[in-house]
Amino acid sequence: MDHVALVVESLDRSQAFYSELLAIEPLNRVDMGDHRIQYLGSGTAVRLELIEFMPSLEADATAGGRRIGMRHIAWEVSELAPVVARVESLGGSILTEATWVPRLGFHSALIRDTDGIEVELIHRP
């Protein structure tokens, strides 16, 4: 597992809560344009990813995975293309094809499992 992502109302408030409660350290904060990400870590490989969407007059704050709560789980894989190629044959669905995410430094594809849970598959070069 690479990370668990939560959509939150306030990065600062949630960062303070999780840092104090779980004694986990703030790592990097990344501005993705329409949202910001704050990573927190405890010294293990698995990180907590907090996501705060920027207010938008055009977008409903609950649309497109923007609801407060769990966003997705993320698994790091050694090769992305062969894993994505098997998703549909196993009963899942592909939400986004593999793409390079320069601000985060990895390739990513979003899928849904057979229960509709969103899973991000990532490959770090």
Side-chain angles (χ1 to χ4, degrees):
M1 182 174 292
D2 186 81
H3 65 267
V4 174
L6 303 176
V7 176
V8 300
E9 188 175 346
S10 165
L11 278 187
D12 294 330
R13 184 180 66 213
S14 295
Q15 174 186 321
F17 175 81
Y18 285 107
S19 292
E20 184 67 28
L21 180 69
L22 303 174
I24 55 179
E25 295 294 319
L27 302 172
N28 56 320
R29 188 173 279 200
V30 182
D31 185 339
M32 298 295 291
D34 69 335
H35 65 284
R36 296 183 306 156
I37 298 171
Q38 174 68 60
Y39 289 104
L40 300 152
S42 63
T44 68
V46 180
R47 296 166 296 148
L48 177 61
E49 177 184 300
L50 304 175
I51 302 170
E52 176 188 67
F53 283 93
M54 300 294 110
S56 169
L57 298 176
E58 298 87 30
D60 176 357
T62 63
R66 295 176 181 220
R67 276 182 218 95
I68 304 298
M70 189 176 114
R71 172 75 170 106
H72 63 262
I73 60 172
W75 291 95
E76 185 171 0
V77 296
S78 59
E79 293 184 60
L80 195 53
V83 176
V84 172
R86 294 193 336 253
V87 168
E88 291 176 333
S89 68
L90 295 171
S93 60
I94 299 168
L95 299 175
T96 64
E97 295 293 333
T99 186
W100 173 247
V101 186
R103 291 181 180 165
L104 299 177
F106 57 69
H107 292 87
S108 170
L110 291 173
I111 66 163
R112 285 203 195 282
D113 72 5
T114 55
D115 290 313
I117 296 170
E118 192 168 302
V119 178
E120 181 179 20
L121 301 171
I122 65 174
H123 170 71
R124 296 181 197 290

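Below, all heavy atoms of this structure are taken into account, side chains as well, without hydrogens, waters or symmetry copies.
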### Query
Which residues satisfy the ring pair (Phe, Tyr, Trp, His ring centres under 6.0 Å) test with His123, sequence neighbours excluded?
none
### Query
Within the distance-only criterion (no hydrogens, no angle test), does the side chain of Ser19 pair as donor or acceptor with the backbone N or O of Glu25 below 3.5 angstrom?
no
### Message
Show every side chain to side chain donor-acceptor pair (under 3.5 Å) that has at least one partner inside residues 101-110, sequence neighbours left out.
### Response
Ser108-Glu120
Indicate every side-chain donor-acceptor pair of residues 73-97 with a distance under 3.5 Å to a residue at least two apart or in another chain.
from  : atom 1 : to     : atom 2 : distance (Å)
Ser89 : OG     : Arg86  : O      : 2.9
Thr96 : OG1    : Leu110 : N      : 3.0

### Query
Which of parallel (below 30°), tilted (30 to 60°) and perpendicular (above 60°) describes His3 and His72?
perpendicular
### Message
Run the salt bridge (Lys or Arg N to Asp or Glu O under 4.0 Å) test against Glu9 and tell me which residues pass, sequence neighbours left out.
### Response
Arg13
### Query
What pair of heavy atoms forms the shortest contact from Ile122 to Phe106, and how long is it?
CG2-CE1, 3.6 Å
### Summary
d(Ile51 CD1, Ser14 OG) to nearest 0.5 Å is 11.5 Å
### Task
Run the numbers on Leu104 and Met32 for side-chain contact (heavy atoms from CB on, under 4.5 Å), then give the verdict.
CA-CA 9 Å; Leu104 299 177; Met32 298 295 291; 4.1 Å; yes
### Task
Flag yes if Val30 and Trp100 sit in one hydrophobic cluster, no otherwise; membership is Ile, Leu, Val, Met, Phe, Trp, Tyr, and two members link when side-chain heavy atoms are under 4.5 Å apart.
no
### Message
With a 4.5 Å cut-off on side-chain heavy atoms, are Gln38 and Val8 touching?
### Response
no
#### Entry: Non-neighbouring partners of Gln15 that pass side-chain hydrogen bond (donor to acceptor under 3.5 Å, both in side chains), sequence neighbours left out
Arg29
### Query
At what distance, to the nearest 0.5 angstrom, does CG of Leu11 lie from NE2 of His35?
10.0 Å
### Query
salt bridge (Lys or Arg N to Asp or Glu O under 4.0 Å) with Glu52: which residues, sequence neighbours excluded?
Arg36
### Task
Any chance you could measure Phe17, atom CZ, to Asp12, atom CG, to the nearest 0.5 Å?
15.5 Å
### Task
Write down the atom of Tyr18, the atom of Ile24, and the distance for their closest heavy-atom approach.
O-CG1, 3.5 Å
### Task
For the residue pair Val119 and Leu121, establish whether any side-chain heavy-atom pair is separated by less than 4.5 Å.
yes
